[in-house]
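Let me begin by presenting the structure, written as structure tokens, before commenting on it.
Numbering of ligands and ligand atoms starts at 1, following listing order.
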Amino acid sequence: MQEIPYKIYLEENEMPTQWYNVRADMKKKPAPILHPGTLQPVTVDDLTPIFCEELAKQELDDTTPYIEIPEEIRNFYRMYRPSPLVRAYCLEEKLQTPAHIYYKFEGNNTSGSHKLNSAIAQAYYAKKQGLKGVTTETGAGQWGTALSMACSYFGLDCQVYMVKCSYEQKPFRREVMRTYGAQVTPSPSMNTNVGRKINAEFPGTTGSLGCAISEAVEAATTQEGYRYVLGSVLSQVLLHQSVIGLETHTALKKYGIKADTVIGCAGGGSNLGGLISPFVGEMLRGEADYEIIAVEPASCPSLTRGKYAYDFCDTGKVCPLAKMYTLGSSFIPSANHAGGLRYHGMSSIVSELYDQGLIKARSVEQTSVFEAATTFARVEGILPAPESSHAIKVAIDEALKCKETGEAKNIVFGLTGTGYFDMYAYQAYNDGTMSDYVPTDAELEKYLSSLPTV
Ligand SMILES: *Cc1c(COP(=O)(O)O)cnc(C)c1O
């Protein structure tokens with residue numbers, strides 16, 4: 001048998017030239033997104049005032065299985081891709097598990113996460129359409145950073161609405177974005193109608209992702225030559241992120257490895273959706289079977305405790321409605337929640353796959369996530385992002401189960417990024433002041449009972 005190296009690299013010419021659109025292989029498609037005014041399925045024409053035309057088409061395309069990656073995007077990908085698939089020999093040794101653990105590391109670029117894979121695609125299509133710039137929101141800042149890098153590459157203006165508490169707590173993220181030329185505004189701001197309204201209604205609020213989305217959408221639609229871009233949740237983003245899964249799939253095949261379990265963290269569902277797409281595709285076509293696990297925080301449990309229903313994608317209710325697992329568009333995780341993955345809903349593709357029983361979901365508490373992060377950092381060297389560490393936690397759990405059963409399973413997980421800007425959270429964990437919070441049913445019901453009736 002061929003020896004598996006620590007790092008399984010692909011050659012440049014083994015990189016995917018097409019993204020894979022898993023919707024094409026789904027017999028039952030994700031439910032259509034609805035116009036917030038008419039509650040009718042949106043058309044490309046409805047979306048083009050908000051999104052670039054090509055991206056609007058990708059958003060609604062649930063039949064084309066493979067979509068060409070334009071050469072300009074492939075050239076940019078070559079600067080930091082293919083990303084390594086790493087055999088976690090040291091973690092296996094530490095756990096004394098018979099399982100074989102692999103992780104796909106997406107933190108190997110300045111933005112520090114997988115988000116660059118979609119940022120560069122979205123910036124490219126905006127440039128190609130002749131736009132002046134794009135607007136967006138960012139929570140922890142990874143998406144804003146990735147988008148700033150992508151916009152500076154194509155010479156586009158980039159306006160980022162950053163959730164106010166992150167703007168204040170993560171000044172260095174903000175400065176990375178400004179270094180790449182982006183204009184960063186704390187949200188809710190007084191620049192937009194929706195920002196002023198939210199500030200008046202909730203004085204002193206430190207903001208939320210849903211609120212920043214509403215502001216960025218308003219900014220895009222009220223400035224000539226601007227469109228809105230989003231770093232997760234949307235089907236177009238999952239499409240671009242399929243590059244993660246396609247590379248993983250090719251690399252495993254190269255060494256004759258058959259994955260048993262594929263694990264990813266899930267916030268809006270884009271890295272998970274991208275990682276699992278080629279594997280789910282095989283399941284949908286009846287070619288192979290995998291155990292797929294989405295991991296979310298116990299303090300923001302959309303898949304494990306939310307409802308599968310139409311909901312607004314943003315707090316301001318200006319975006320289309322999507323059918324998804326949701327906690328309600330006004331849900332905001334408790335203040336002690338540090339680990340990212342704080343969006344109230346979930347990608348409609350991931351939601352539908354979950355509803356069809358093709359993937360499982362698990363929720364984990366944050367102190368256990370940081371414990372796993374620390375174990376991982378000490379043996380594998382990489383300081384993982386708290387978001388990614390949700391996947392590490394479940395990968396370790398699964399590897400420890402193998403220790404009991406003696407099974408040598410192949411466990412693959414997505415290591416989405418690095419955690420250098422999350423040191424306040426690591427500090428709280430190291431100081432022993434980090435706490436867990438699991439919302440009660442009554443609390444969740446408060447938000448779930450006011451879902452829109454569609
Ligand atoms: C944004 C982010 C996530 C969560 O987003 P998804 O769309 O669910 O993938 C996970 N990990 C890192 C490092 C991120 O930056």
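In this structure, the side chain of Lys29 engages the main chain of Met26 through a donor-acceptor pair within 3.5 Å.
Remark: ligand 1 and Leu341 share no N or O pair separated by less than 3.5 Å (distance only, no angle test). For a threshold of 3.5 Å applied to N or O pairs, the pair formed by Ala266 and ligand 1 contains no separation below that value. The shortest N or O to N or O distance between Ser388 and ligand 1 is not under 3.5 Å.
Ring pair Tyr325/Tyr354 is perpendicular by interplanar angle, where above 60° counts as perpendicular and below 30° as parallel.
Heavy atoms of His114 found under 4.0 angstrom from ligand 1 belong exclusively to the side chain. Residue Ser113 touches ligand 1 through its side chain alone, judged by heavy-atom distances below 4.0 Å. When heavy-atom distances to ligand 1 are checked against a 4.0 Å cut-off, Lys115 comes that close only through its side chain, counted from C-beta outward.
Atoms of ligand 1 found under 4.0 Å from any heavy atom of Ser232, numbered from 1 in the order shown, are 6 (P), 7 (O). The ligand atoms of ligand 1 that sit less than 4.0 angstrom from a heavy atom of Cys265 are 10 (C). For ligand 1, the atoms lying closer than 4.0 Å to a non-hydrogen atom of Gly267 are 8 (O). Less than 4.0 angstrom separates some heavy atom of Glu387 from each of these atoms of ligand 1: 10 (C), 11 (N), 12 (C).
The single protein non-hydrogen atom nearest to atom 11 (N) of ligand 1 is Thr416 OG1, 2.7 Å, given as residue, atom name and distance.
To the nearest 0.5 Å, atom OG1 of residue Thr221 and atom CZ of residue Arg227 are 10.0 Å apart.
The closest side-chain donor-acceptor pair between Asn117 and Arg81 falls under 3.5 angstrom.
Heavy atoms of Glu106 stay at 4.0 angstrom or farther from ligand 1.
Nearest heavy atom pair, residue Arg305 against residue Pro439, reads NH1-O, 2.8 Å. Contact between Gly340 and Pro297 at its shortest, heavy atoms only, is O-CG, 4.0 Å.
The aromatic ring centroids of Phe279 and His249 lie less than 6.0 Å from each other. Here the two rings, on Phe376 and Tyr103, have centers that are under 6.0 Å apart.
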